[in-house]
Amino acid sequence: MPITNAEIAEILREYADLLEIKGANEFRIRAYRTAARNIDNLTRSVAQMVSTGEDLSTLPGIGQDLATKAAEIVRSGRLPELEQLKKEIPSDLIGISRLAGLGPKRTGALHRELGITRIDQLEEAVQQQKVRLLPGFGARTEQRVAEDLSRERDTPVGSKRYRLSVMEEIAQPLIEYLSAIDGVRQVTIAGSYRRKKETVKDLDILVTHHAKCDVMQWFVEYEDVEDIVSQGDTRSAVRLRYGVQVDLRAVPQNSYGAALHYFTGSKAHNIAVRRRGVQHGLKINEYGVFHNGKRIAGETEEEVYATVHLDYVEPELRENTGEIEAAGRGTLPGIVKPDDIRGDLHTHTKATDGRATLREMADAARQRGYEYLAITEHSRHVTVAGGLDASAVEQQIAEIDQLNEQLDDLVLLKGIEVDILEDGTLDLPDEILKKLDLVVCAVHYKLDLPAEKQTERIIRGISNSYPTILAHPTGRIIGRRRASSLDMERLMRAAKQTDTILELNAQPDRLDLTEVHARMAKEMGVMVAISTDAHSGEELNFMRLGVFQARRGWIEPGDVLNTKNHKGVKDWLSRKRK
DNA sequence: GCCGTTTTCGGCCCGACTGTTTTCAGTCG
């Protein structure tokens, strides 16, 4: 497998982290981080670009120097300059610099003054109270480091991120609590939560309130607060008992839009917008947009964008991956909304590993106002889920036909989630697949084949004339299982050629396609289906998570199969069998 | 190290809070 964009980006990030501890020029460090982020968000493989001799310096944020370095990483898998720098600045220092109260500068001082290179040496120095003696340090800083070190020991994951769905559960009661405070006007969650990232590290909450309301005091007294990190008049931070950090910012009402824009980020998007402001002679901060010290906007986000001649940018698009240029040209995509969805094309029932009956699933779909719902059980090879063989499929077909006669406002589509076996053949014979309305195919075993084999296996699977949707293409489970190694570009070309649709699986721990892959599908003209893979009626609600992910991938309603009505879906599905 | 409506050098986003400080650096977002 050639090196992935994520791996290249990681190497550049590590280099940036070490440069920072070393005390290098901050703009040079920023250049490495920008390049890493851009490579992460690229919908093309850098390795492939190198192999076809393309000029990497055409990529945003990559000049001659970084093009050379990136090419070297592709060729050898390493960056010699990084190896060299590691001899000087041990990479364990990066972990140390992430401890509370420490940053690159103080970490550099610990290394220089006390010779600290590892975490156990830092623990010892803290115990001996040597740290507080260093210039710029003191007893309080040493204390904070000691506390964070012991927290690290208890829960080793330093920068834990939470799935968006988990964070929603933590955020909801807190929002209700804050909204109920007398004098509070607006409460909004900003940050990556508002941008609907698949995982969220902390909560950024914005409030506006009447003059007399001491919202900060109320905030730090919330019942789940374990630790007050900081407390001021306009900004406070706490750590909740689940370990989640929450930042609260209070702003005047007429700054609400500017503050919301600022705290929604992303950081890269904000920097780009502000730079645009500077070009127009404007200063943009969380209180508003200023021209020669005079406030000219700030009440709404739309106003802020308008001052720099940009269309309003949906939060999900704010990553500085082309949205600012598009907003300037008036060519932003009209991205898909939850209301655009007319049905679900991947669900299970009690016939395999689902928890609801056919009837219950149908009722849940009707309640959501869907026009259609596909029942797609596992095939026999997935023994743990009680996958269906041909005769069991026949039986379910009969049951669905019968139920369809009773339903007048919903069509149940007869489907299957057939396994693509290791050799690329399908787990059920064509004779049974041809009787179904919809064949979803997927890989459930041998997820760790080498990239070339895995890619060929799947391409062989979708080249069969019956499967029309490839479910959870990479097989990743967030925080638990890596994505299969796949040549995504090749796979998507094959999908395009064979009229195969790629699923964006909306299970909260899958969200597979990623936003980068979703955007790649769009650019390559590959149709996407957003499906919940629901195992109960409740799980149909995961649809919104899938839509959020699609929005982050610039997907428009026309790119999504299940925004079409029943006839539109049928027409699309019949393409392959002709 | 990148980049160009300030174009090949000289800029590079902006502010709050904390702790160590007598005016500010570092961290954080």
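Predicted model only: the values in this text are computed from it and were never measured. Naming convention: chains lettered A, B, ... in sequence-line order (proteins, then strands); numbering from 1 in each chain.
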Taking only the [atom1] atom of each, what is the distance from [N] to [M] in whole angstrom?
N      : M      : atom1 : result
B:dT6  : B:dC2  : P     : 22 Å
B:dC14 : B:dC9  : P     : 26 Å
B:dT22 : B:dG29 : P     : 26 Å
B:dT8  : B:dC3  : P     : 16 Å
B:dT5  : B:dC13 : P     : 16 Å
B:dT21 : B:dC17 : C1'   : 14 Å
B:dG26 : B:dT20 : P     : 14 Å
B:dG19 : B:dC12 : C1'   : 29 Å

Min side-chain heavy-atom separation A:Tyr162-A:Thr199 under 4.5 Å: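 Side chain of A:Tyr162 against side chain of A:Thr199, heavy atoms only: no contact under 4.5 Å found.
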Which residue lies more 5' along DNA chain B, comparing A:Ala31 with A:Arg275 via nearest heavy atoms: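 Its nucleotide being nearer the 5' end, the pick is A:Ala31.
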Of A:Lys69 and A:Phe263, the one whose closest DNA chain B nucleotide lies more 5':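 Its nearest nucleotide being more 5', the pick is A:Lys69.
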Just checking [X]: base, sugar-phosphate only, or nothing, at a heavy-atom cut-off of under 4.0 Å?
X        : answer
A:Arg249 : sugar-phosphate
A:Lys267 : base
A:Asn25  : base
A:Arg140 : sugar-phosphate
A:Pro135 : nothing
A:Asn270 : nothing
A:Gly277 : nothing
A:Ala272 : nothing
A:Glu26  : nothing
A:Gln143 : nothing
A:Ile29  : nothing

Contact interval (first through last nucleotide) of DNA chain B with protein chain A, 4.0 Å heavy-atom: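 Footprint of chain A along DNA chain B, 5' to 3': B:dG1 to B:dG29.
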A:Leu99 side, atom CG; A:Thr107 side, atom OG1 - distance, nearest 0.5 Å: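 It comes to 7.5 Å.
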Salt bridge flag under 4.0 Å for residues A:Arg98 and A:Asp17: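 Yes, charged N to carboxylate O under 4.0 Å.
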A:Arg195/A:Glu515 ion pair, N-O < 4.0 Å: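 Here A:Arg195 does not pair with A:Glu515 in a salt bridge, since their nearest N and O are not under 4.0 Å apart.
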B:dA16 pairs with, by Watson-Crick or G-U criteria that keep both distances under 3.5 Å: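 In the structure as shown, B:dA16 has B:dT27 as its Watson-Crick or wobble partner.
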Name every donor-acceptor pair, under 3.5 Å, that has one atom in a side chain of residues 169-183 of chain A and the other anywhere in the protein, sequence neighbours excluded.
from	atom 1	to	atom 2	distance (Å)
A:Tyr177	OH	A:Trp218	O	2.7
A:Ser179	OG	A:Ile175	O	2.7

Any donor-acceptor N/O pair, A:Asn5 side chain to A:Arg44 backbone, under 3.5 Å: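 Answer holds: yes.
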Minimum heavy-atom distance A:Leu93-A:Ile116, with the two atoms named: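 Minimum heavy-atom contact is CD2-O, 3.4 Å.
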Donor-acceptor pair between A:Gln549 and A:Glu316 side chains, under 3.5 angstrom: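 No, A:Glu316 and A:Gln549 have no side-chain donor paired with an acceptor closer than 3.5 Å.
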